[in-house]
**Student:** 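First, the structure itself, so that you have it in front of you.
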Amino acid sequence: MVTEAWDGKIFSGGFVAGGAGTSPVLAPATGETIASVGQADTADLDRAVRAAAAAQPAWAALPYTERAAVMTRAAALLGDEPERLTRWLVPESGSGQGKAGFEAMLVTSELQAGAALAAQPYGQLLRSMKPRMSIGRYAPVGVVGVISPFNFPAILSMRSVVPALALGNAVVLKPDPRTSVSGGLALAALLAEAGLPEGLLHVLPAGADVGAALVAHPDVPCISFTGSTAAGRRIGETAGGLLKKVHLELGGNNALLVLPDADIDAAASAGAWGSFLHQGQICMTTGRHLVPRDRLEEYAAKLAQAADRISVGDPTDPANALGPIVDQGQLEKVHALVGSTVEAGARLRAGGTHEGLFYRPTVLTDVPLDSPAWREEIFGPVAPVTGYDTVEEAIDIVNSSEYGLSVSILTADPFAALQLADRIKAGAVHVNDQTVDDEAVAPFGGTKASGAGGHFGSSVNLDTFCDVQWVTIQSDIQRYPF
Ligand code: NAD
């Protein structure tokens, strides 16, 4: 639990002990140190889990109104002053100011939904063959381990933390080491100010090693992980071997299908937003644009125009819509994918260059279906476009990805698109919108390599963050033949 306030610039020793010393928090746009954060080791993890397990039963036993009140107060604090998060999101995660404001709004909305979740029915009255009351009810698991990524650090932590707490659990949160403040410490400070009792939320700024120790910890029965498919597979293996409840929200390679009757101007605007928002570093980023072959040229020209118009630079300047790629390693990966896809035969229509970590929004057309930029999740501001001849063929291409997170269908006939949605293997299908979307009250989760083990969103959270208990009650002790 964060106990210190910080002055807005330097925050040291965020976690109780910081057994692994302190590390600087760097702004990717400038390379400047913007904070200093205590780093947790596995001894800190043990202490955090013990404290969380000790605090949890009293929290779960409180009237639901008290858990809801903490969420309501935190939502009000953040709603009134989104800068509590945006002043960290912009420099620390390289978020454009629009994206940062949008993310703070999503966190506020998650907190409001958390307050409502605490008040919802938490079970069912069942029919029974015996004269008794039979109830299926959800009980908190105890301590939930949350591991989150760098890209939308605040909401992707809070999407697990808020429902877990609202349902009566304690949480140990390990954010991405590049976003320890906006993905952890600033969130814990907000909840502490809103009255969350001591011991219920612990933030462990640390790398994957402490994340792996959290997954394996014997007193953490439930893991909620958001991140890459590769890490998710390893976490799933460990958690599965230990018979833990594990919830994995993983990568995506999301298709935007432009149907022959679609308005191409509007489609290109939606496509540009879907591919370039936050430098394409979103699991739901539009990674594959499918356009009727005879409309490809018109679509590609408009998409390239949109790409060329976008200003990219230090996001502390509100004139820049896009900021930097998170780090050098990720930049090199993006650039290599673009280069190898051009070598495979794609045409570069916009972008493909960078200055430092600032990558220009990039449009590739005639992208071969077996090229790296089509097959893989890029996690950069790159829009790969290809043509199709029939809608049947397009649906097959949409479903041919190993991922199944979000798909968009753009058309003048939304009800026909609804029938196509029946055939699409993805956790979300958006008709007449692009692929990036999430709401606290909607069920969110991926299929195939995009996720397993549960969903987020209002009552669905009961399955994800609770155990089910069957309770029966009879007035007298049942007698048996023995
Ligand atoms: P990553 O998997 O490398 O890291 C995510 C988090 O997991 C970090 O906190 C990291 O320290 C930790 N971690 C990594 N390996 C671990 C291990 N073996 N055990 C325990 N913890 C471990 O992810 P990234 O590349 O930094 O983030 C981007 C990825 O996240 C993309 O693939 C993106 O699609 C995915 N993502 C998915 C969603 C979703 O809702 N489905 C949302 C955002 C991002």
Side-chain angles (χ1 to χ4, degrees), residues 23 28 39-40 42 45 93-94 99 103 106 110 145-160 172-180 182-184 203-217 220 223-239 242 244 246-254 277-287 325-327 329-331 333-334 376-380 401-406 426-428 435-440 442-457 464:
S23 279
Q39 297 295 299
T42 50
L45 169 66
S93 85
K99 179 265 186 187
E103 185 168 355
L106 287 177
E110 188 70 47
V146 174
I147 301 173
S148 58
F150 71 85
N151 57 332
F152 267 70
I155 185 59
L156 296 178
S157 293
M158 290 297 252
R159 204 169 57 166
S160 298
V172 176
L173 165 64
K174 196 213 78 64
D176 188 283
R178 292 163 289 191
T179 47
S180 302
S182 50
V203 179
L204 303 181
D209 54 336
V210 173
L214 174 59
V215 174
H217 200 289
V220 180
I223 297 294
S224 182
F225 170 78
T226 304
S228 63
T229 295
R233 282 188 208 281
R234 285 197 292 278
I235 288 168
E237 276 171 25
T238 306
L242 294 168
K244 293 191 182 199
V246 61
H247 170 215
L248 304 170
E249 292 292 346
L250 310 176
N253 187 4
N254 311 288
L277 178 66
H278 195 44
Q279 301 82 263
Q281 300 173 116
I282 310 176
C283 55
M284 296 166 281
T285 287
T286 303
I325 299 288
V326 70
D327 60 25
Q330 186 59 24
L331 178 105
K333 187 189 150 215
V334 171
E376 294 175 31
E377 181 184 47
I378 302 173
F379 234 57
S401 170
E402 68 165 316
Y403 296 105
L405 193 56
S406 181
T435 51
V436 181
D437 212 346
D438 189 13
E439 285 192 26
F444 185 97
T447 59
K448 302 196 280 184
S450 291
H455 277 64
F456 294 112
T464 307

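Just follow the structure's listing: the first ligand is 1, and inside any ligand the first atom is 1. Keep in mind it's a predicted model, so treat the numbers as computed, not measured.
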**Student:** Identify the protein atoms, limited to N or O, that lie within less than 3.5 Å of an N or O atom of ligand 1, and list each pair with its distance to 0.1 Å.
**Tutor:**
unit_1, atom_1, unit_2, atom_2, d
ligand 1, 2 (O), Ser228, N, 2.9
ligand 1, 2 (O), Ser228, OG, 2.6
ligand 1, 9 (O), Ser148, O, 2.8
ligand 1, 9 (O), Lys174, NZ, 3.0
ligand 1, 11 (O), Lys174, NZ, 3.0
ligand 1, 23 (O), Ser228, N, 3.4
ligand 1, 26 (O), Arg178, NH2, 3.2
ligand 1, 30 (O), Gly227, O, 3.2
ligand 1, 30 (O), Ser228, N, 3.4
ligand 1, 32 (O), Glu377, OE1, 2.6
ligand 1, 34 (O), Glu377, OE2, 2.5
ligand 1, 40 (O), Arg159, NH2, 2.8
ligand 1, 41 (N), Leu250, N, 3.2
ligand 1, 41 (N), Leu250, O, 2.6

**Student:** Is the number of heavy atoms from other residues, nucleotides or ligands under 6.0 Å of Glu439 CD greater than 12?
**Tutor:**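 Counting neighbours around CD of Glu439, 12 or fewer heavy atoms of other residues, nucleotides or ligands fall under 6.0 Å, so no.
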**Student:** To the closest 0.5 Å, what do you measure between CG (Asp438) and CD (Glu103)?
**Tutor:**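 It comes to 11.0 Å.
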**Student:** Taking ring pair (Phe, Tyr, Trp, His ring centres under 6.0 Å) as the definition, give me every residue that meets it alongside Phe225, ordered by chain and number, with sequence neighbours left out.
**Tutor:**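 Applying ring pair (Phe, Tyr, Trp, His ring centres under 6.0 Å) to Phe225 gives none.
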**Student:** Could you work out, with side chain to side chain donor-acceptor pair (under 3.5 Å) as the rule, every residue matching Thr286, not counting sequence neighbours?
**Tutor:**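 For Thr286 the side chain to side chain donor-acceptor pair (under 3.5 Å) partners, ignoring immediate neighbours, are Thr435.
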**Student:** How would you list, by chain and number, every residue that makes a side chain to side chain donor-acceptor pair (under 3.5 Å) with Gln281, sequence neighbours excluded?
**Tutor:**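 Expected list: none.
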**Student:** Are any of the side-chain heavy atoms of Gln279 and Val334 separated by less than 4.5 Å?
**Tutor:**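 Result no, sub-4.5 Å side-chain heavy-atom pair not found.
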